[in-house]
Structures are given as structure tokens and as C-alpha cells.
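Report on one structure; see the data block that follows.
Because the structure is a prediction, the values reported are computed rather than measured. Letters go in sequence order (proteins before strands), and every chain restarts at 1.
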4 protein chains.
Amino acid sequence: MTTAEQRTGEGRQRRRRVDAERNVHALLESAKAVFARSGVDAPAREITDAAGLGVGTLYRHFPRRADLILGVLQHEIDACADAALAMRSDEAPYAALRAWVEQYVELVATKRGLAGALHSADPAFEGLHDRVTERLEPAAAALLADAHAAGEITGDVSARELLYAVGLLCQPVPAADFGLAENRRMVEVFVGGLRSG
Amino acid sequence: MTTAEQRTGEGRQRRRRVDAERNVHALLESAKAVFARSGVDAPAREITDAAGLGVGTLYRHFPRRADLILGVLQHEIDACADAALAMRSDEAPYAALRAWVEQYVELVATKRGLAGALHSADPAFEGLHDRVTERLEPAAAALLADAHAAGEITGDVSARELLYAVGLLCQPVPAADFGLAENRRMVEVFVGGLRSG
Amino acid sequence: MTTAEQRTGEGRQRRRRVDAERNVHALLESAKAVFARSGVDAPAREITDAAGLGVGTLYRHFPRRADLILGVLQHEIDACADAALAMRSDEAPYAALRAWVEQYVELVATKRGLAGALHSADPAFEGLHDRVTERLEPAAAALLADAHAAGEITGDVSARELLYAVGLLCQPVPAADFGLAENRRMVEVFVGGLRSG
Amino acid sequence: MTTAEQRTGEGRQRRRRVDAERNVHALLESAKAVFARSGVDAPAREITDAAGLGVGTLYRHFPRRADLILGVLQHEIDACADAALAMRSDEAPYAALRAWVEQYVELVATKRGLAGALHSADPAFEGLHDRVTERLEPAAAALLADAHAAGEITGDVSARELLYAVGLLCQPVPAADFGLAENRRMVEVFVGGLRSG
DNA sequence: CATGAATGAGGCTTCATTCAT
DNA sequence: AATGAATGAAGCCTCATTCAT
């Protein structure tokens, strides 16, 4: 009996948590889409309507806008950082750097406006910068160091500079037909420039 | 009598025209300063207050925000385009390209947010893109062509790509201590990348 | 079997009743504390969090805010009314009146905002006024009548007036450093004024 | 000509200022009425609708709620303070004190909820407290000192305490049929209490 | 032409209350 | 009976834009 009751209790709690998680997920998905379309400053309503939820729900789970942005990026930032490890052992230093930057481009370029958020001075975005600093910067630094050690690149571009420069190059300019393809090409040129630093 | 009246009329008109021009100038100067400080989306009041004029005056001369931005950039865009000519004859092709890009960086980097405006899909900014296309693109194209002909660069980066890529690299990222100095360094790396395209 | 089932049923019911009472008690205690700190309009969450319960539980037991306020005050109102009886026989009339008012001050002054609720025109607070009328007013009236009969006070201040006047004097004015000590002193002056009415 | 132009200029400015002043006045009148009916926390819309103006106009002239409250009270506070002077010379000390308090009651009692604002700890209301401190407190202090000197009152109730105590006694309690008449009577009792302090 | 007061749409955010589990 | 996630109305405030003077 006691066991059964406890199970029921657990079941209930888990169920609620599952529903809430579904909503959180829906909000993140919706936010990702809306961010890509209208930028990270899009009205909250646009996001909640797309998710089929009330604004209150958004504010419950993501009190500040930065929390939502961070929520959208978190996993991808971590995955990207982890990927660097694999690439270091799989490829020659400069090739690994190139390959990893390509992956980083996917992360940043496919989210219109996130690059913008990344650049905000608003203290609310601290978490975002921290995450980048903690996870992405060491990854980039390691790849740069490898390539340096192998004599494949010169100059003194830091990991931080690389990340933000590539982030900037990944913003689309719709009015000038400057899109993802152009972003990629420009990043390639930039990475090429590291060799002749 | 008639003559006198006409003179009076003319005098007034001329006076007004002169006054109006003074105001337009004051607004452009003020806008340039405010854009640099608070970005191109700064409240209209910030600009008119700094110019010591009323908001109505701003709207009379620059009905849409894009008109004001274009007004601010116009002269500098033209000057920058004209400078290319001088550089072509004065320096070796790649050196000329580098030097001109440096000048272009001054144009874009010193106006926080203008780069952003340059990238907006808002149809209101058409005029801006047109100006860039008409004046800057030919200048950049000529310099690129020279360098290509001299075998100093390879690859197929277009003038338009060069302009927008450099424009993107010129945005500051205050939260990451990524400022004008970094902008310049990153542009250098990018231009270096043109050689190894 | 039947008996066993009934017993189980009763057991559960009793258990629930006991738990529910515990919750009601926890909510009243928490509400008392929160009312004292943040006033009677404090967010429901503040109360439930402090009680370690869900908001739903609060609404089950106290559907309207007034129900909660009444719940908090009920016992104290009754105790205060009962105290009047003891005081009447223990002390000289005016002294008894003073002593009782002091006790009433404790009731009202230590619950920031309750005085305010007491004064609301909101029909939801009817119950509160009723309780005051039914329990406190007769007590105050008796003490006033005694003092009158003894010739220790004059004037025609009614029991109701006394109660509400003292209630008003018991509100703190934080911005003016006007707190409980001042409340007490002002009430003393007021009660002194009854003599010279 | 120059003179005529300047006059026109002045006329225009004055005209605009006059219109704006009319609006400011309308807002203050409306606010006074709304404050009296719904308290000083009434929605901004209620005030602007009653004044026939847009919310923006309210915020232009009274950016913070406290500014509006202060605007409503300012003149009356000053007038009340000035009246004290006349009373000191016209009447016997205690009589003057009584008369002045009666006038103060008119100031506070006829504005439901202003008393509440007077008591807020919100830093936005500093201006209000300051005004009371600067204007009303000296007036009350002088009257109290006179009465003390004349031996007509005893005790050590300060000017500040008098002001806030009377302010508190002037709040109506609609649900208990405790209105302006009762406010006045209770204040009388309180002032009577100063004699027997 | 210049002015700046007025407008009000639009976005943000909080919190009382409901209700599925 | 308890829970707390979800809801959305309601109020706040800003600012682009208009328009009477």
C-alpha cells in the first residue's frame, strides 16, 4: 500500500514535470524559430503564440530574455565544444581548426540575431558570454595552439577574437543577398588569413 | 514696390533656406554622434535634443529613419569611393587594396550600429544599399581586379562580399572587450586571407 | 469486511482531516507573518512558499483574500474581546479602558496593513467588520460605559469610533520613522483626550 | 520688424505653454478627483480618460506617480503652512493650534488615499515627505511651542507626530460608516489629549 | 518652416485564479 | 485533498509620429 501510494505520488510528480518539460521544450523550439525569423528581440507574444502557450508560461520558465536565449543555445554550445575534442585527435591541426570553425558557423549562422545577442552589453546576457567563455573559448584555444605548434598558422589571433570575428561574419545581410553561403565563404577567407598572419 | 516686395520675399526665402540648411547640418552632426554612442535605433529625442531642435524638424527633413542614416553616410561614402581612385595610382595593387579597406573601416567602424543598419532587410534602407552599390562597389571592384591582375590575390571574393564582410567585422562587442582595435586586426586577417583564397 | 473497509475509509478521512488542519494552521501562521512584513495585499505565492504549500491549497481553504485575513484575526479578536471582561473586574474603570486599549493596539499594530484591510470598502471584508462589531464593539462599549458612569471620561465617543480611531492610529509610517512606539504614544494621547471630551 | 517677429515668437511660445498648462491643470484636477474616489494607486488610464487626454501626456508632465501626487498637494500644503502664520497672531495659542489642525484636516481628509501615499516607504514619495517636512512641520512646531509656552498643553508630542497622527485619523472607513464627520471628531479628541499629556 | 505637446499603439511584466493530474 | 503549471487580464511605460500653433 505504502509502496503503491509512493509510486502514485512519484508518478504524479513526474507527470507534471513531464508536461512542464514539454512546454519548456515547445517554448525553446518556438523561440529558436522566432529568433531565426525576427531576431532575439522579437515580442514575447510571437513566441508564445507559436508555442500555443500563454505569456505567463514563458515568464515562469524564462524570467528574463537572456534566460531564453541561453536556453536555446546551451545544448548547442556544449555540443560544439565537445566536438572540438574529437576533431583534435582525428585530423591534422589546421584541418581540425577549419573543420571545427565550420561547425561553429552552423551554430551561430543558423540563428539570425543570436549573434547580435552575443554582442550585447546588457548585463542580462552575462550568462551567455560566460558560457561561451567557459566552453567554447578553451576549445578554440586548444585548436589554435595545435596549429601554432605545428607551424601551420602564424600571428596572434586569440581564441576569443576568433570566436567573435566568426560570429560577426555569420550575420546574414538579406538586403544584399548575403546569406549563409556567403557567411561560409567569408569565414573560410578569414580562417585562411590566419595562415599568413 | 513690386521689386521691394519681391526682394523681401526672396530675402526671407533665402534666410529660411539658409536656416534650414543649418538645421539639416546640425541634425546630421548630432545624429552622427548619437549613432556612434547609442546606435542607429536611438530615440529621436536624443538626436533633436543634442541638436537643440524640435522633433518636428527632424521629421520634416528626414521622414524615415533610413533617410537620416543615409544623410549621415552619404558624404563619407562618396569620399571613401573617391579615395580609391587616388590609391590605385599611388600604390601597388595589394597595398592599395589594404590601404583602402583601412579607410573603409574608419567609415564603418566608427559608427556603432550603422553596420547593423547596413544589414537590415527593412525596405526603408534600400537607399543605403543603393548608395553602397553605386559608389563603393565599383571602387572595391577596381581594387580587387588590379590585385587579381597582378597575381597578388586569388580566389573569387566579390566586391560586394568584401564590403559586407568587412562591415560585419567592424561591429564592436562591448561585453567581450572587442572594440575598434580588434575590429581592425580582424579585418587585417580577413584581407590577408584574400591572398591565399 | 464492511467494517474493515469503513475503518480504512475513516482512517483515511481522519488522516486527511488532520493533514488539512495542519495545512490550514500553517497557512494562517505564514499569512500572519507575511501580512506583518508585506501587508495584507502580499502576493499569494509569498504566503504559500513560506508555508511550504502550493497555492491551490491556499485557495481551497481561503477562496477570497478576506477569508484569509479573517482567519488570521479571528482568534485574536475573540481573545481580545474576552480580555475586556477580566479587566472590567480587575481595575478601576478608566484604568481598565486604558489597559484594554493597549491590548487592542497589540492586536492591530503588529499586523501591518490589517488596519488598512479593516478600512476597506470592499464587500469581501464584510466578515471582518461583522466580527469586530459582534465581539469587539460590545467589549469596548462596556468599558466606555463604566468609565462614563464613574465620571472619569466625558464626551460621546462611541465604541465603534474608539475602535476605528485607534485602528487608524496604529498604522506605521515607515518613511517618517513613525513606528510602533509612536503608534502607542499617539493612542495614549487619544485616550487621554477622552477625559476632556 | 524685428520687434514684431519677436513678439510673434513670444506669442507662439506663450500660446503653446498656455495650452500645455491647461492640460496640466486638467490632469491635476482629474487626478485629484480620481485619487479621492479610487486612491492614489488608481490606473493611469482612469485619470487620463477623465481628463480627456492620452496617457503619454500624463507621463510627459508627471513621469512618476509621486510627481502627480505632489502636484496635486503642493499648493494646498503651502497654503496650509502659510495659514499657520496668520493664526498665531490672531488667536490664543491653544485656540490657534486647534484652528490650524482643523484646516490641516481639510487638506488631508478630503483626499482619500493621499494620506496613504503620505505614509508610503517608496522612495518615489520623498518629495512629498520633504514638502511636509519643510513647510508643514515648522508651522506645526511653532503652534505647539506657543501652546507649550503658554502652559496650555503638556507632554512631548512633536510636530511630526502631530502631523502624521492627524493624517492617520483622517482616513475614512466607508464600511464602518466612519467618514469625514467622524474624522473631525476623532481629531478633536486627539488634540484634546494634548492638554492632558 | 520650426516647434514640441499630444497621441496611443505596442511590448513588458506581474499575479490572482483555475484546473488537470 | 494537494499540487503548482498555465493562463491571460491588467497595468505600466516608452517612443515614433502627427499636427495645431
Checklist entry - Residues two or more places apart in sequence or in another chain: which of them pass side chain to side chain contact (heavy atoms under 4.5 Å, CB included) with C:L28? => result C:V24, C:F62, C:L68, C:V72
Next on the checklist: Counting the atoms with a prime plus P, OP1 and OP2 as sugar-phosphate, which does A:R65 contact under 4.0 Å by heavy atoms, base, sugar-phosphate, or nothing?
Outcome noted: sugar-phosphate
Item to check | Residues within residues 51-62 of chain B bordering DNA chain F, heavy-atom distance below 4.0 Å | outcome: B:Y59
Checklist entry - For D:R64 and F:dC12, what is the distance between atoms CZ and P respectively, to the nearest whole Å? => result 15 Å
Item to check | Smallest separation among heavy atoms of D:A26 and D:A51, with atom names | outcome: O-CB, 4.0 Å
Item to check | Set of side chain to side chain contact (heavy atoms under 4.5 Å, CB included) partners for C:R45, sequence neighbours left out | outcome: A:R60, C:T48, C:D49, C:V55
Checklist entry - At their closest point, which heavy atom of D:L58 faces which heavy atom of D:L27, and how far apart are they? => result CA-CD1, 3.9 Å
Checklist entry - side chain to side chain contact (heavy atoms under 4.5 Å, CB included) with C:Y59: which residues, sequence neighbours excluded? => result C:A44
Item to check | Separation of F:dG11 P from D:D49 CG (nearest whole Å) | outcome: 11 Å
Checklist entry - Within this structure, what is the CG-to-P distance between B:D41 and F:dT14, rounded to whole angstrom? => result 18 Å
Checklist entry - Tell me: CG of B:D67 to P of F:dA16, nearest whole Å? => result 15 Å
Next on the checklist: Just the rounded figure in Å: distance from P of E:dA2 to CG of B:D19.
Outcome noted: 8 Å
Checklist entry - Over how many whole Å does the gap from A:E46 atom CD to E:dG10 atom P extend? => result 13 Å
Item to check | Nearest-nucleotide comparison on DNA chain F, the residue closer to the 5′ end among D:P43 and B:A42 | outcome: D:P43
Checklist outcome for this item: For C:R65, the salt bridge (Lys or Arg N to Asp or Glu O under 4.0 Å) test, sequence neighbours excluded, returns none
Item to check | Contact nearer the 5' end of DNA chain E, comparing A:R45 with B:R45 | outcome: B:R45
Next on the checklist: Tell me the interatomic distance from B:R22, atom CZ, to E:dA2, atom P, rounded to whole angstroms.
Outcome noted: 11 Å
Item to check | Under-4.0 Å side-chain N/O to phosphate OP1/OP2 contact, B:N23 with E:dC1 | outcome: no
Next on the checklist: Let's see if you can work this out: which of F:dT21, E:dC1, F:dC12 has an atom nearest to the side-chain heavy atoms of D:A44?
Outcome noted: F:dC12
Item to check | Length of the CG-P vector between A:L68 and E:dT13, whole Å | outcome: 12 Å
Checklist entry - Do the non-hydrogen side-chain atoms of C:R131 and C:L70 ever get within less than 4.5 Å of each other? => result yes
Checklist entry - Do you know which two heavy atoms are closest between A:F35 and A:V40, and how far apart they sit? => result CD2-CA, 3.6 Å
Next on the checklist: For B:E46, give me all partners under side chain to side chain contact (heavy atoms under 4.5 Å, CB included), at least two apart in sequence or on another chain.
Outcome noted: B:V34, B:R37, B:S38, B:A42, B:P43
Item to check | Watson-Crick and G-U pairing of DNA chain E written in dot-bracket, each distance under 3.5 angstrom, with | for inter-strand partners | outcome: .||||||||||||||||||||
